[in-house]
Amino acid sequence: MAQDDSAEWNTDDDLYFEIDNFQSSPKSSSPVVTSSDHMFATLVDMGFSDDVIARAIQENGPNAETSVIIDTISKYSMNCEPSSSKSKTIYHFLAMGFDEEKIIKAIHKHGEENMEEIANALLSSEADMKEEDNIDWSDSDDEMNDDEKDPDSFDSCNPLSSLVKMGFSELEVSLAIERCGDSVSIADLADFICAAQIAREFDEFHIEPEEQKPRQNIRKSQKEPRPSTNDQPLRLPNPMIGFGVPNESVFITHRSLPALARAPPYFYYENVALAPTGVWETISRHLYDVAPEFVDSKYICAAARKRGYVHNLPISNRYQIQPAPKLTIQEALPVTRKWWPTWDTRTKLNCILTVHASAQLTKRIRLALEAHTGEPSEATKRFVIEQCKKWNLVWVGKNKAAPLDGDEIESLLGFPRNHTRGGGITTTERLKSLGNSFQVDTVAYHLSVLKPLFPDGINVLSLFTGIGGGEVALHRLQIPMKTVVSVEISEVNRNILRDFWEQTNQRGVLIEFADVQDLTKDKIVELMKRFGGFDLVIGGSPCNNLAGGNRVSRSGLEGEQSSLFFEYCRILDVVRETTKEMRRS
DNA sequence: GCTATGATGAGGCACCTT
DNA sequence: AAGGTGCCTCATCATAGC
């Protein structure tokens, strides 16, 4: 936790690059996925069609590395394989996500047998439609990423010239070296770049013409589903690592956003991953068709937290805040190590919820265990393990299981100690607020890309702020918050954010609203004119009607609380529109 | 008033066997 | 392919006890 709160706002990027190099150092020289099922799912998530993946796996064997499979798929699209029928050619490019009309046009122009030329024609057609991959919507000065522009930074790298001669761009090579380290062989670097290229290409190809039209017209004209479009039910990725997490070796460093999403401000929306069927499709559709990034925080800390994030942030050069969280329960909560029974094999906690076990339950567990001398019976073990998993209990003494306390939850979720303690909050309220919060390290990992973009600070509109997970993430990233306009219905939560603001000696302005309805269009415009607009709109709307634990009113996005998602959309729309107007004038 | 407690399953995925 | 099993899930409510 950053404790030097009195320090100057540090715009020195040394820390950033040091940490980035740390997190991106190669675990292996090329991406490896342990099981072919996982590899399959990963490739599907990258946008490849099932058929193409199956074919590539069949060709290379089930134990082939992901990079080899991607290479093979790449060859499918580039080789001049004569196809027996026209429809097969069309299907081939449809599977890659191209628009059918364009495919037909390209086939007519170049001839069915010239697959390479067809591919090139489709590629350049898509390239004309899209903007640069790195979102650069600034029309002037302050948001440029110098690393990507400074040719001097490449001079000392030996593999660079070799790889550039092989036809890769300097940017690609430098990114690969940054990700894999400079001790990796040129072949492995080339592999990495290829994988990134293919992932990027396939992703970009999935920009559909519909995405450029107004939202109301979306999807009406869609005839038949195509792979990886949001017409198909969203699949949760396995492993749930989004575009990559610090401790896994598979990274996707580029994606192409739908054209509508490529507009300031940056936005970041969060909710539970395991929402009822169709919810994430709706969320995505209302957020400019940006595909959700599903991440389980168990890959970043010691507790599971399966969440979907819809955002338009860049995804390359992410880094983790330090110190990185411990990955196992016993490391994260050392006090439990001594008492942890060997027959309790858990290393990760389940999702931290808003309710916790009663004293009566832990008493029953103690009595059940004390009935045995030495090793408990299998039935007792089963009972105890079941309860431990159900209630997320940890071992704090002999035969003594206990629910997590507030301090431990704060720590697991990446908050400063005592962040939610005191100030009139009751234990029940504290646990509820924490249970509804972000996992700070996860969110900070995603937000870390903002650090070099806003060296002078950032204006934030924080909706459904809760206990301020987003603000804590930005603070831990040492991204100065010039302005935070926060909306939070709970008074105790607003107090927590205000306390945090004062305790960390924030120099920016904090403005708090209670009711999201109070943030009218006029009010938003006024605030934006006063502070020069918002750079980031962040928030996770209420999950009450989406969460699996709700037996009473799991009614989806139309539910009483969860429908506030549409307020997020309303406000984001106003901010985007006002931003556009402010930039015009 | 407040707090702690226990009861209230469905939904959906992963994985396995058949 | 189909069916069964195991597992987990940012929760809500009524009520007893203080």
Side-chain angles (χ1 to χ4, degrees), chain A residues 34-38 40-41 44-45 233-240 269-281 283 294-298 301 303-309 345-346 348-364 382 385-393 403-406 409-410 412-415 420 424-440 442-443 464-470 488-490 492-493 539-557 559-562 564-565:
Chain A
T34 50
S35 93
S36 61
D37 284 343
H38 285 182
F40 200 98
V44 169
D45 293 332
L234 279 170
R235 273 186 56 242
L236 294 177
N238 184 11
M240 197 182 278
Y269 174 81
E270 178 260 12
N271 216 318
V272 291
L274 281 64
T277 306
V279 163
W280 276 106
E281 285 83 346
I283 290 173
F294 292 105
V295 180
D296 187 342
S297 293
K298 76 174 180 182
C301 68
R305 206 163 185 79
K306 298 181 183 67
R307 296 293 180 268
Y309 304 89
T345 56
R346 291 176 300 152
K348 299 280 183 186
L349 289 160
N350 284 334
C351 185
I352 291 165
L353 306 177
T354 56
V355 287
H356 69 297
S358 66
Q360 299 307 313
L361 176 71
T362 55
K363 184 177 178 184
R364 282 199 292 276
R382 255 200 317 278
I385 293 290
E386 186 191 338
Q387 296 303 319
C388 284
K389 287 182 177 176
K390 183 176 176 186
W391 293 102
N392 245 355
L393 306 179
L404 298 166
D405 68 20
I409 296 176
E410 275 173 355
L412 287 162
L413 293 178
F415 286 92
T420 56
I425 193 171
T426 67
T427 306
T428 312
E429 286 171 327
R430 188 183 184 198
L431 292 173
K432 185 172 180 184
S433 291
L434 281 165
N436 280 312
S437 167
F438 288 166
Q439 205 288 323
V440 170
T442 309
V443 172
F464 316 111
T465 304
I467 57 174
E488 170 55 40
I489 194 75
S490 153
V492 292
N493 286 350
S541 63
C543 68
N544 310 36
N545 311 114
L546 311 179
N550 189 342
R551 276 101 143 143
V552 179
S553 52
R554 195 183 183 188
S555 44
L557 269 184
E560 188 183 346
Q561 289 86 23
S562 294
L564 288 174
F565 161 70

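By convention in this document, chain letters (A, B, ...) are assigned in the order of the sequence lines, proteins followed by strands, and residues within each chain are numbered from 1.
Comparing C:dT12, B:dT5, C:dC10 against the side chain of A:K432 picks out C:dT12 as the nearest. When distances run from any side-chain atom of A:A547 to the nucleotides B:dC15, C:dT12, C:dC10, the shortest one goes to C:dC10. In this structure, of B:dT5, C:dC10, C:dC13, it is C:dC13 that holds the atom nearest to the side chain of A:V552. For A:Q360, the listed nucleotide lying nearest its side chain is B:dG6; candidates were B:dA14, C:dT9, B:dG6. For A:V355, whose side chain is taken as the heavy atoms from C-beta onward, the closest listed nucleotide among C:dT9, C:dA11, C:dC10 is C:dA11. When each of B:dT8, C:dT9, B:dG6 is scored by its nearest atom to the side-chain atoms of A:R551, the top-ranked nucleotide is B:dT8. Of all nucleotides listed (C:dT12, B:dA14, B:dG11), B:dG11 comes nearest to the side chain of A:R554.
Here NZ of A:K306 is found 7.0 Å from CG of A:N350. Values are rounded to the nearest 0.5 Å. Within the model, atoms CG of A:L393 and NZ of A:K389 stand 12.5 Å from one another, a figure rounded to the nearest 0.5 Å. Annotation: the span from A:C351 atom SG to A:R307 atom CZ amounts to 4.5 Å, rounded to 0.5 Å.
Contact check, A:T354 against C:dA11: a side-chain N or O comes under 4.0 Å of OP1 or OP2. At the phosphate of C:dC10, neither OP1 nor OP2 sits under 4.0 Å from any side-chain N or O atom of A:S437. Residue A:R305 places no side-chain N or O under 4.0 Å from the OP1 or OP2 atom of C:dC10. At C:dC10, none of the side-chain N or O atoms of A:N544 fall inside 4.0 Å of OP1 or OP2 (strictly under the cut-off). Between B:dT3 and A:T426, a contact under 4.0 Å exists linking OP1 or OP2 to a side-chain N or O.
Sequence order on DNA chain B of the closest nucleotides to A:A359 and A:N550 puts A:A359 first from the 5' end. Heavy-atom distances to DNA chain B give each of A:G549 and A:T428 a nearest nucleotide, and the one nearer the 5′ end belongs to A:T428.
A:W280 contributes a side-chain N or O that, together with a main-chain N or O of A:V272, makes up a donor-acceptor pair within less than 3.5 Å. Side-chain atoms of A:Q561 do not come within 3.5 Å of backbone N or O of A:S541 as any donor-acceptor pair. Panel note: side chain A:R554, backbone A:L546; a donor-acceptor pair is recorded below 3.5 Å.
Contact detail for A:G470 and A:F438: the closest heavy-atom pair is N-CD1, 3.6 Å. In terms of heavy atoms, A:G556 sits closest to A:V279 at CA-CG2, 4.4 Å.
Per the geometry, CH2 belonging to A:W280 stands 16 Å off P belonging to B:dG12, to the nearest Å. For the pair A:R346 CZ and C:dC7 P, the interatomic distance rounds to 13 Å; values are reported in whole Å. Per the geometry, CG belonging to A:L349 stands 15 Å off C1' belonging to C:dC10, to the nearest Å. If you take CE of A:M240 and C1' of B:dA14, they are 12 Å apart, rounded to a whole angstrom. For the pair A:K298 NZ and C:dC8 P, the interatomic distance rounds to 10 Å; values are reported in whole Å. Rounded to whole Å, atom P of B:dG11 lies 15 Å from atom CG of A:N545. C:dC10 atom C1' lies 17 Å from atom CZ of A:R430, rounded to whole Å. At whole-Å resolution of the value, CG in A:L236 and C1' in B:dC15 are 16 Å apart.
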Any chance you could lay out the side chain to side chain contact (heavy atoms under 4.5 Å, CB included) test for A:L236 and A:L274, step after step, and finish with the verdict?
CA-CA 8 Å; A:L236 294 177; A:L274 281 64; 4.1 Å; yes

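If you check every strand for non-hydrogen atoms under 4.0 Å, A:K390 touches nothing. Within the nucleic acid shown, A:S541 comes within 4.0 Å of at least one base atom, counting heavy atoms only. A:R364 comes within contact range of the sugar-phosphate backbone alone, with a heavy-atom separation under 4.0 Å but no base atom that close.
Secondary structure note: stems in DNA chain B built from 3 or more consecutive Watson-Crick or G-U wobble pairs under 3.5 Å occupy B:1-8 with C:11-18, B:10-18 with C:1-9.
For A:F464, there are no ring-ring contact (aromatic ring centres under 6.0 Å, His included) partners two or more places apart in sequence or in a different chain.
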Every protein N/O within reach of nucleotides 1-5 of chain C N/O, cut-off under 3.5 Å:
none

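Going from the C1' atom of B:dG9 to that of C:dG6 covers 15 Å, rounded to whole Å.
Looking at A:T465, A:T420, A:I467, A:N436 one by one, the single match for side-chain contact (heavy atoms from CB on, under 4.5 Å) with A:N493 turns out to be A:I467.
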